Number of protein chains: 4
Amino acid sequence: MARNGARAPTTTGGTKDEPVRQRLLAEATRLFAEKGFESTSVQEIVSAAGVTKGAMYHYFDSKDDLLREIYARVLRLQIERLERFAGAPGPIADRVHAAAVDVIATTIENLDDSKIFFRSMHQLAPETQKAVRAERRRYHERFRDLLVEGQHAEVFRADVPADLVVDFFFGSVHHLGTWYHTDGALSGTAVGKHFADLLLASLRH
Amino acid sequence: MARNGARAPTTTGGTKDEPVRQRLLAEATRLFAEKGFESTSVQEIVSAAGVTKGAMYHYFDSKDDLLREIYARVLRLQIERLERFAGAPGPIADRVHAAAVDVIATTIENLDDSKIFFRSMHQLAPETQKAVRAERRRYHERFRDLLVEGQHAEVFRADVPADLVVDFFFGSVHHLGTWYHTDGALSGTAVGKHFADLLLASLRH
Amino acid sequence: MARNGARAPTTTGGTKDEPVRQRLLAEATRLFAEKGFESTSVQEIVSAAGVTKGAMYHYFDSKDDLLREIYARVLRLQIERLERFAGAPGPIADRVHAAAVDVIATTIENLDDSKIFFRSMHQLAPETQKAVRAERRRYHERFRDLLVEGQHAEVFRADVPADLVVDFFFGSVHHLGTWYHTDGALSGTAVGKHFADLLLASLRH
Amino acid sequence: MARNGARAPTTTGGTKDEPVRQRLLAEATRLFAEKGFESTSVQEIVSAAGVTKGAMYHYFDSKDDLLREIYARVLRLQIERLERFAGAPGPIADRVHAAAVDVIATTIENLDDSKIFFRSMHQLAPETQKAVRAERRRYHERFRDLLVEGQHAEVFRADVPADLVVDFFFGSVHHLGTWYHTDGALSGTAVGKHFADLLLASLRH
DNA sequence: AATGAATGAGCATTCATTCAT
DNA sequence: TATGAATGAATGCTCATTCAT
């Protein structure tokens, strides 16, 4: 969890790793989640990463660029996982349940990312913000399509608009960061199962 | 010198007796919701309110103090309303449903407050933050007690911890600010009814 | 020449003087002339003026604004003086000669302003630059009109375009800053007389 | 390591044997003239020249070194041309006229060099600046000697110090960069003829 | 109750230059 | 001959806050 003062030589030879860039992203994520984007200075980030400002500006265009990269990483991960669960074989109710459990477990595993996401969205440049929102919407739409599939199959009730159910459920997901603590009694998967149960129950006829 | 904890009740019943203070709070709320606490300068707030900095520092101790007042106002309002619904006569399911509809309608009516709440909590001084969290917890606990009452009455399922249901539902509530737009098709009460329906459905045996 | 550490109370009561603002302009002029606009830091200016950066930014929008004020002051002075000489009674040759002597003497009296003028013009924001150039052009046109008047009166030769004569003469004027030194043998007026003689001689039939 | 004071003469007669170095100088000249020395970054220069910083630092010791080379090139060219015209056979008045026309035409042909010359002189290291000024003085003195020759021959008036006439005339020359535009009606030689006429006329008895 | 000049610490960013490769 | 990662010092500017009036 602490950063490596000395970068180990790449023994795997797999990813030609860029330790400085990665370290900067990791420390920025941690600090943005802890203190907020605006309250974190570039100096704090580079000090935490053990490099100088010049190095940071060599890899990133700006402090905003750092934030943008964090968003891109989160979205990439979540969309990829959802695709996997949504496209799996099996009854629709099972797929929704599994996807719901997974998104919660993943969110809890990357809770710093989640804390940053909604708290700092308004700090992005308008066009970047638009891009992020569009990507987020695509994600939500993918989940909504699953719900609609269940409604058409008459497995889920259809008297609540699927879009609204998505906002209902993802509100719960996105707020995990404000109350969940790793030292709590419940694991991420446990929370995921409970929430998924509640979601599925709320959709019964 | 600045903040009177207790202010004389508005005898006229109007809102014109302290227009500067109110205007400052209103503009600060609007700007904090729009651009974030850190990105809003004191100068912007006082310009928007049509006064000078000196005037602001006469009524408030600091920029943080403005934020604290906003939080206090939000919490005061929400707790008061919940008490009213929780303590009303009638079956538990009806009371929970009514309280749920109301909290959503009220949140949508004061969407700026809601946007600020979670986005800016970390900007408060640690002790203030603690106080706000405690107050928030009291609010959640009051709602949880309603759910527990329903579980004891065997009206609600008991296999999901009531605390978790509270986090589940209020996650949805608190995220209204990220997607709800006044120009949308659904009124606040309409959204409230749908969300309350989902909540009640998820609690059925 | 050195700045007054203690600002004397305004005994004249005439101009409600702003010593800080004036001191900033004076020191900025001196430093810009000495080291150039880009090579002079805001810190150097405010240190020389004995105030803090905040004070400077209270009176000026930016470092550029300081430069703009210097330009405005120079142009105001020069246009005003030219108008006086151009509009005086007397033969055209005498008026041109007197105006020429005066512009040189005035330029030498404010040599720092002159050094800054052409050396730093390109640092102004494009629109400000345009405005300054337009004002400068008005000034040159006023002088040209005098020359044309002399040509029409057949006092000056007409086989050289008056515009070109203006550029010819003002080139000499504007370059005073690159070679004239106060410790030299010639006074500003002496140089002025010689240059005015050359100008008038060059215009003879 | 970097700068060879003496480079092998271009045996091919082309300009392709050291394209990187030449391209760097050309782009630097263009950019310094356009935006000023201080406002042009090394990165901009190397990008414009299509090379990297390392390449630039291979050919030049520093950014200042680039500027010094530009000055050296200008002075070399102008002194060489003046020598040619001054040493030609013919009456003194004709030689002065021809030299004057040529310096103006040459200046206009290399207007960027001229723009840089006076605007950026103060950015040179003091000793370099001194060297450039000395070279410039030698150039002016060569021209002054021509004027003195004319005065001794009683072709030119002697009641104006020749040095002052040099400053008068070269002021006009050096300011060409502030008003002359290639798209104007007058060619460089045309301007040169007019200015030379004015100079000669101003020197008549 | 209110002004506005002034502070001073802090911020994001730039940039010429170096150096291992 | 050339790269590009990294430095470190400096820069213009912002801003919450104070205080004499």
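Computed from a predicted model, the values in this text were never measured in an experiment. Chain letters run A, B, ... following the sequence lines, proteins first, then strands; residues in each count from 1.
Comparing F:dA2, E:dA2, F:dT7 by their closest approach to the side chain of D:Thr52 singles out F:dA2.
The closest side-chain heavy-atom distance from A:Tyr59 to A:Leu25 is not below 4.5 Å.
The side-chain contact (heavy atoms from CB on, under 4.5 Å) test applied to B:Gln129 returns B:Met121, B:Leu124, B:Arg133, not counting sequence neighbours. Listed by chain and residue number, nothing satisfies the salt bridge (charged side-chain N to carboxylate O under 4.0 Å, His left out) test with D:Arg119 (two or more places apart in sequence, or in another chain). For D:Ala33, the side-chain contact (heavy atoms from CB on, under 4.5 Å) partners at least two apart in sequence or on another chain are D:Asp112, D:Lys115, D:Ile116. For C:Asp65, the side chain to side chain donor-acceptor pair (under 3.5 Å) test picks out C:Arg68, with sequence neighbours left out. B:Asp113 is linked by a salt bridge (charged side-chain N to carboxylate O under 4.0 Å, His left out) to B:Arg73, counting only residues two or more places apart in sequence or in another chain.
Atom CZ in D:Arg21 sits about 12 Å away from atom P in F:dT1, given to the nearest Å.
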*What is the per-nucleotide protein-contact pattern of nucleotides 12-21 of chain E, from the 5' end, where B denotes a base atom under 4.0 Å from a protein heavy atom, S denotes such proximity for sugar-phosphate atoms only, and - denotes neither?*
BBB-BBB---

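In this model, the phosphate group of E:dA6 is approached by a side-chain N or O of C:Tyr59 to a distance below 4.0 Å at OP1 or OP2. Close to E:dA6, at under 4.0 Å from its OP1 or OP2, lies no side-chain N or O of C:His58.
Applying the salt bridge (charged side-chain N to carboxylate O under 4.0 Å, His left out) rule to pairs touching residues 33-50 of chain B yields B:Arg30-B:Glu34, B:Lys35-B:Glu44, sequence neighbours excluded. Applying the salt bridge (charged side-chain N to carboxylate O under 4.0 Å, His left out) test to residues at least two apart or on different chains, none of the pairs has a partner in residues 120-131 of chain A.
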_Let me check I have this right: for DNA chain E, each base becomes ., (, ), [, ] or |, based on Watson-Crick or G-U pairs with both distances under 3.5 Å. What is the full string?_
.||||||||||||||||||||

